[in-house]
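Nothing here was measured: the structure is a model prediction, and the numbers come from that model. Just so you know, ligand 1 is whichever comes first in the structure, and atom 1 is the first atom listed for that ligand. The first residue of the sequence shown is numbered 1, and numbering continues consecutively from there. For the numbers below, each heavy atom of this structure counts, side chains included, while hydrogens, waters and symmetry mates do not.
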Amino acid sequence: MQITYYGHASFLVQTQGKKLLFDPFISPNELAGSIDVDAIKPDYILLSHGHQDHVADVERIYKTSQPQVISSFEVVSWFEEKGLDNYHPMNLGGEWQFDFGKLKMVNAVHSSSLPDGSHGGNPAGFVITNEEATFYYAGDTALTWDMKLIAEEFSLDFAFLPVGNNFTMGINDASVAAEFVKTKKVIGMHYDTFPYIKIDHDEARETFNKKGLELILMGIGETTNI
Ligand code: NI
Ligand code: MN
């Protein structure tokens with residue numbers, strides 16, 4: 001499984017011959033200026049919720065490869081009205097077998113409105129399982145006891161967790177979340193983009209290390225294999 005970081009909460013996961021793009025907020029992100037948004041050409045765009053810092057580049061990228069947009073019914077319907085006709089609506093607790101693996105939409109404790117103020121339904125996270133790996137993309141969320149349910153059902157290889165604090169859980173809660181979902185390998189997201197969510201990288205890694213956990217803070221544009 002190959003993972004490329006595009007800044008903030010946006011990652012490209014290449015697995016089973018498919019390109020899955022999560023929460024694209026790339027062209028408005030000054031830290032991600034080196035990324036060629038139009039060259040990504042994903043097969044799928046997965047949206048955890050409707051906030052601008054997660055959906056900003058959806059319409060632009062849609063024009064390049066018509067990826068299927070997977071999100072809550074409300075978020076998908078909003079993009080449908082904008083003319084995107086390749087989509088898959090879901091809601092919390094639902095599972096679907098896609099050609100890249102099985103996806104379950106799981107709880108996130110956050111809010112969800114679209115950029116024009118429209119109601120975005122409930123925010124969500126995703127658990128994806130296929131022959132290569134099983135991973136959890138938490139989206140924007142607080143630490144929640146519900147994360148223990150993920151460990152009961154799945155054996156995770158790694159998780160994408162927000163660590164930036166203020167709008168989502170911070171480092172300490174994220175390290176507890178890693179324990180709740182029972183994974184030792186965490187890829188951090190939702191940090192440094194805005195002044196409110198700047199973090200000390202060394203201190204963050206150290207917090208995880210002390211618990212026997214690994215926190216990976218990828219460079220923007222960096223690709224890694226898991
Ligand atoms: Ni948000
Ligand atoms: Mn956000």
I'd like to know if the Ni ion (ligand 1) has an N/O/S atom from His54 within less than 2.8 Å of it, counting both backbone and side-chain atoms.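 Under 2.8 Å: His54 has no N, O or S contact with the Ni ion (ligand 1).
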Is the Mn ion (ligand 2) less than 2.8 Å from an N/O/S atom of Asp140, whether that atom is in the backbone or a side chain? yes
Can you tell me if, anywhere in His190, an N/O/S atom lies at a distance from the Mn ion (ligand 2) that is smaller than 2.8 Å?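 Of the N, O and S atoms in His190, at least one lies under 2.8 Å from the Mn ion (ligand 2), which means yes.
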Could you tell me whether Phe98 and Phe100 have their ring centroids closer than 6.0 angstrom? yes
Between Phe22 and His54, is the gap from one ring center to the other below 6.0 Å?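 They do not qualify: ring centres at least 6.0 Å apart.
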Hey, which N, O or S atom on His54 ends up closest to the Mn ion (ligand 2)? NE2
Of all the N, O or S atoms in Asp53, which has the shortest distance to the Mn ion (ligand 2)? OD2
side-chain hydrogen bond (donor to acceptor under 3.5 Å, both in side chains) between Asp53 and His190, worked out: CA-CA 9 Å; Asp53 61 317; His190 217 273; 3.1 Å; yes
Does Leu12 offer a backbone N or O that forms a donor-acceptor pair with the side chain of Tyr5 under 3.5 Å?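 Such a contact is absent between Tyr5 side chain and Leu12 backbone.
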Using only atom types and a distance under 3.5 Å, with no angle test, would you say the side chain of Asp146 pairs donor to acceptor with the backbone of Asn107? no
Taking the six-membered ring of Phe158 as reference, does the NZ or CZ atom of Lys185 fall below 6.0 Å from its centre and within a 45° cone about the axis? no
Nearest N/O/S atom of His51 with respect to the Ni ion (ligand 1), by atom name, please.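 Per the distance ranking, His51 contributes ND1 as its closest N/O/S atom to the Ni ion (ligand 1).
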Looking at Asp140, which of its N, O or S atoms is the nearest one to the Ni ion (ligand 1)? OD2
